[in-house]
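Chain letters run A, B, ... following the sequence lines, proteins first, then strands; residues in each count from 1.
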Amino acid sequence: MKNLELARIFYQIAEFIEMDEVSFRSRAYNKAARVLDSLEKDVQDIYQKGGTKALKKIPGIGEAIAKKIEEFIKTGKVKTYQRLKKQCPVDLETLTMVEGLGARKIKILYKKLGIRNLKDLEKEAKMGKISELEGFGEKSEKNILQAIQFVKAGQNRFLISSILPIVRQIINQLKELPQVYKISIAGSARRMKETVGDIDILVTSNKPDKVIDSFVKMFTSPKQSEGGPRISKVWAKGPTKSSVRFRAGFDCDLRVVKKESFGAALQYFTGSKDHNILIRKIAKKKGLKLNEYGVFKGKKKIAGKNEKEVYQAIGLPYIEPELRTNTGEIEAALRQAQGKLNQLPKLINYNDIKGEIHCHSNWSDGSRTINELALSAKKIGYQYLVITDHTKGLTIANGLDEARILRQMKEIDKVNKSLKGIKILKGCEANIKVDGTIDIKDEVLDKLDIVLAGVHFRLKMDKKDMTERIIKAIENPHIDIIVHPFGRLIDKRPGYQMDFKQVLKAAKKNKTVLEINAHTSRLDLRDINIRQAVEAGVKLAIGSDIHSVNCFQMMELGIAQTRRGWAEKKDILNTRTLTNFLEFFKDKE
DNA sequence: GCCGTTTTCGGCCCGACTGTTTTCAGTCG
C-alpha cells in the first residue's frame with residue numbers, strides 16, 4: 001500500500017510550497033495528502049486498473065498530482081519532491097511538529113542558521129541565536145525550547161479509550177464553575193475516532209474571560225489532586241480561547257462562546273475538517289455564510305443556537321457527529337433533503353445493547369468468576385451474557401478442552417439457577433486452525449448456545465490462504481460468530497491479509513455473524529469494514545472481549561465504532577432481546 | 001493545483017491568538 005508514503009510526500013510538498021508563496025497550490029497538495037491518508041483502496045491498485053484516468057476520479061487529485069502518483073508507482077520517486085528537498089534539506093515532518101513553527105519560519109531558520117532538524121534547532125535556541133533573528137524574539141525562543149521537549153516526548157495521538165475518562169473528569173470540574181452555562185466535548189473525540197490528537201471543549205458563558213482564567217488556574221493549581229488532570233503548559237490564553245497541554249501529554253483547546261452561537265460553534269469544532277469545508281461551501285452556494293458564530297444571510301444571523309438549526313438553515317437534515325468525515329454523509333443528507341427516504345442511517349444508539357457476547361472468565365484467561373461477571377452484566381441491565389472462554393488451542397490462555405467445557409456448562413447451569421433477571425449463555429471462543437478447522441470437537445460445539453471462532457496464531461499467511469481459512473470457518477455450521485475478523489491492533493498491527501469481499505459473501509450465505517470487537521486496543525472490524533458489511537447485508541454483533549468486570553464499559557467504544565460504520569440497530573444482533581437473539585441462530589444448524 | 005447545477009477561468013472555509021511590530025504575518029485548528 002503506497003497511499004501513506006505518497007501522503008507523506010504530498011504533505012511535505014505542501015509545506016515546501018508554503019515556504020515561498022501563499023498559494024492554493026499548497027492547499028491542493030494538503031488536500032490530496034489527506035485524501036490519500038484516509039483512502040481505503042490501494043492507490044496502486046487503482047492506478048493499475050485504470051491508469052491516471054482512474055486516479056483523477058479520486059477527489060482532490062487532478063492532472064498534476066495523478067502524474068506524480070504514477071511517477072512514484074513506476075520509479076519509487078517524485079522528482080518535484082526531491083528537487084524541493086534538495087533546495088531546503090530539512091526534516092519537515094519533525095520540525096513542523098514543534099508548536100509555533102510553520103513552513104515560513106522553518107525556512108528562515110534554515111537559511112539564516114542552517115537548522116535542518118530538531119537537534120540543530122535545540123542547539124541554536126540554547127545558544128540564543130534564534131532570538132536574534134528578525135521576526136523572532138525572546139519569547140519565541142523560549143517557546144521553541146519548551147515545544148522541543150514535547151516533541152521529544154513523542155506520541156501525538158492517543159487511544160480514545162485512554163483520553164475519554166480524563167476529558168470527562170475535566171468537563172465535570174469545569175461544570176462546577178458558576179460562569180459555565182453549557183459545556184460539550186467537540187473535535188475528533190466527539191466524533192469518537194479511534195485515536196485522537198487533541199481535545200476540544202466548548203463552553204457557553206456570558207463571562208468568557210472568567211471561564212478561561214478559571215480553567216487555566218484550576219488545572220495548574222497545586223491543589224488539583226494528585227493523579228487528576230493537570231496542565232503542564234499554556235500555549236495560548238486569550239479572552240475567548242485557551243490552548244493548553246495536559247500532563248497526560250495531550251493538547252486541549254477550550255473555547256467559550258455566547259449561548260446563541262453554541263450550535264454553530266459545536267458544529268464547527270466537531271469537524272471533521274473536510275466535512276466542514278464542504279458544509280461551508282454548500283452554505284456559500286446558497287448565499288449564506290457559516291462560521292463558528294452562526295449562519296448568516298448578509299449581516300443577519302439566521303441560525304446558530306443548536307446544531308440541528310445550523311444544518312437546517314443550509315438545507316440539510318441533522319448529521320450525527322460520528323458520521324462527519326466527508327465520506328458520503330453530506331451527499332446522503334442532500335439526497336434526503338430532496339425527499340429521498342433513508343439516505344442517512346438511523347444509527348444504533350448507545351443504550352440499544354441487550355447483551356454481551358464475548359466474555360472470558362477465570363476458567364481461561366479472565367480474572368473473574370462466572371458469577372461475578374453475571375452480576376456485573378446484570379447491573380448494566382443486560383438480559384444475557386455469553387461466557388466464551390478460550391479453547392485448548394490457545395494454551396497460553398489456559399484454553400478449555402472438551403471435558404472442561406462440559407464441566408463449565410454445568411457450572412453455568414448452577415449460576416443460572418441462583419440468578420434472576422439475567423441469563424448466562426454457554427459459549428466458547430474457539431480457534432480457527434491453519435486449515436480452517438476448529439480445535440474443539442463438533443459434538444461439544446453442538447451443545448453450546450453460541451460458538452465464537454477466531455484466528456489466534458499464524459497471523460501472517462498470504463491473502464488467498466487466509467481468506468480460505470476464514471471462509472472455511474464461516475461455512476462451518478457450528479460457528480455462529482467470527483471474532484476480531486482482521487486481527488488488527490490499533491496503530492500496532494495492520495491486521496491480516498484477506499479478501500474481505502469474499503468473506504462477506506460467505507458470511508451472508510452461511511448466516512455467520514461478524515464481530516465488532518470493542519476492545520480498546522482492537523476495534524476490529526474497522527468503520528469502513530462495518531460499512532461494507534452493512535451494505536452486503538451481513539449481520540454483526542458487538543463484543544467487548546471482556547477479561548474483567550471493568551471491561552464492560554468498552555461496549556461504548558464498540559457502539560461508537562459501529563455508528564461510524566453507518567450501522568443501524570437492526571444490523572446488530574445483540575440489540576435483540578434474548579429470545580430474538582437465540583432465534584437468529586436456531587435455523588442456522 | 002483542483003474543480004465545475006456560475007464548467008476551461010476564477011474562485012478556493014473562516015477566525016482566534018501570539019509575538020513582534022506599530023498594522024500584521026504566521027500559525028493553528
C1'-based separation of dT7(B) from dC2(B) [nearest Å]: 13 Å

For Glu194(A), is there an ion pair with Arg488(A) - N to carboxylate O distance below 4.0 angstrom? yes

Set of side-chain hydrogen bond (donor to acceptor under 3.5 Å, both in side chains) partners for Lys289(A), sequence neighbours left out: none

Taken in chain and number order and not counting sequence neighbours, the residues that satisfy side-chain hydrogen bond (donor to acceptor under 3.5 Å, both in side chains) with Lys2(A) are Gln44(A)

Electrostatic pair Arg191(A)-Glu329(A), nearest N-O below 4.0 angstrom: no

Roughly how many Å is it from NZ in Lys241(A) to C1' in dA16(B), rounded to a whole number? 5 Å

Closest to side chain of Arg27(A), choosing from dG15(B), dT20(B), dC13(B): dC13(B)

Compare the minimum distances between each of dG19(B), dC14(B), dA16(B) and the side chain of Lys289(A), then state the nucleotide with the smallest one. dC14(B)

Say whether Asn276(A) and Gln267(A), considering side chains only, have a donor N or O and an acceptor N or O under 3.5 Å apart. yes

Side chain of Lys237(A), heavy atoms from C-beta onward: which of dG1(B), dT18(B), dA16(B) has the nearest atom to it? dT18(B)

With the side chain of Asp200(A) defined as its heavy atoms from C-beta on, choose the nearest nucleotide among dG29(B), dA16(B), dC14(B). dG29(B)

Select one nucleotide: of dG15(B), dG29(B), dC2(B), the one nearest the side-chain heavy atoms of Ala28(A). dC2(B)

Ile108(A) CD1 - dT20(B) P separation (whole Å): 12 Å

Any base atoms under 4.0 Å from Val256(A), or only sugar-phosphate, or nothing? Heavy atoms, all strands. nothing

Between dG19(B), dC2(B), dG1(B), which one does the side chain of Glu63(A) approach most closely? dC2(B)

Looking only at side-chain N and O atoms, does Thr240(A) come under 4.0 Å of OP1 or OP2 in dC17(B)? yes

Are Leu278(A) and Glu331(A) side-chain neighbours, meaning at least one heavy-atom pair lies under 4.5 Å? yes

Pairing nucleotide - dT8(B), Watson-Crick or G-U, each distance under 3.5 Å: none

Name the orientation class of the two ring planes belonging to Phe486(A) and Phe500(A) (parallel below 30°, tilted from 30 to 60°, perpendicular beyond 60°). tilted

Identify, between Gly137(A) and Pro239(A), the residue whose nearest nucleotide on DNA chain B lies closer to the 5' end. Pro239(A)

Inter-nucleotide P distance (dC3(B), dC13(B)), Å rounded: 13 Å

Nucleotide nearest Ala236(A) (side chain, heavy atoms from C-beta), chosen from dT18(B), dA16(B), dC14(B): dT18(B)

Distance check needed: dA25(B) P versus Lys107(A) NZ, whole Å only. 17 Å

Pair Glu63(A) + Lys56(A), salt bridge at N-O below 4.0 Å: yes

Lys105(A) side-chain N/O to dG26(B) phosphate OP1/OP2 under 4.0 Å: no

Rounded to the nearest angstrom, tell me the gap between atom CD1 in Ile314(A) and atom P in dC13(B). 14 Å

Once you apply a heavy-atom cut-off of 4.0 Å, does Ala32(A) come out as touching a base, just sugar-phosphate, or nothing? nothing

In whole Å, measure the gap between the P atoms of dG26(B) and dT21(B) for me. 13 Å

Judged by each residue's nearest nucleotide on DNA chain B, which is more toward the 5′ side, Lys56(A) or Lys139(A)? Lys56(A)

I'd like the P distance from dT20(B) over to dC14(B), given in whole Å. 30 Å

Verify the contact: side-chain N or O of Ser140(A) to OP1 or OP2 of dT20(B), cut-off strictly under 4.0 Å; return yes or no. yes

Rounded to whole Å, please give me the gap between CZ in Arg324(A) and P in dG29(B). 20 Å

Rounded distance (Å) that lies between atom C1' of dG19(B) and atom CD of Glu138(A): 12 Å

Take atom C1' in dT18(B) and the same atom in dT23(B), then report the distance between them in whole Å. 14 Å

What residues from residues 263-283 of chain A pass a heavy-atom cutoff of under 4.0 Å to DNA chain B? Tyr268(A), Lys273(A), Ile277(A), Arg280(A), Lys281(A)

Contact under 4.0 Å: Asn143(A) side-chain N or O vs dT18(B) OP1/OP2: no

Does dA16(B) have OP1 or OP2 sitting under 4.0 Å from an N or O in the side chain of Tyr293(A)? yes

Please tell me which of the listed nucleotides, dA16(B), dG29(B), dG1(B), lies nearest to the side chain of Ile65(A)? dG1(B)

Test: Glu138(A) and Lys142(A) ion pair at under 4.0 Å: no

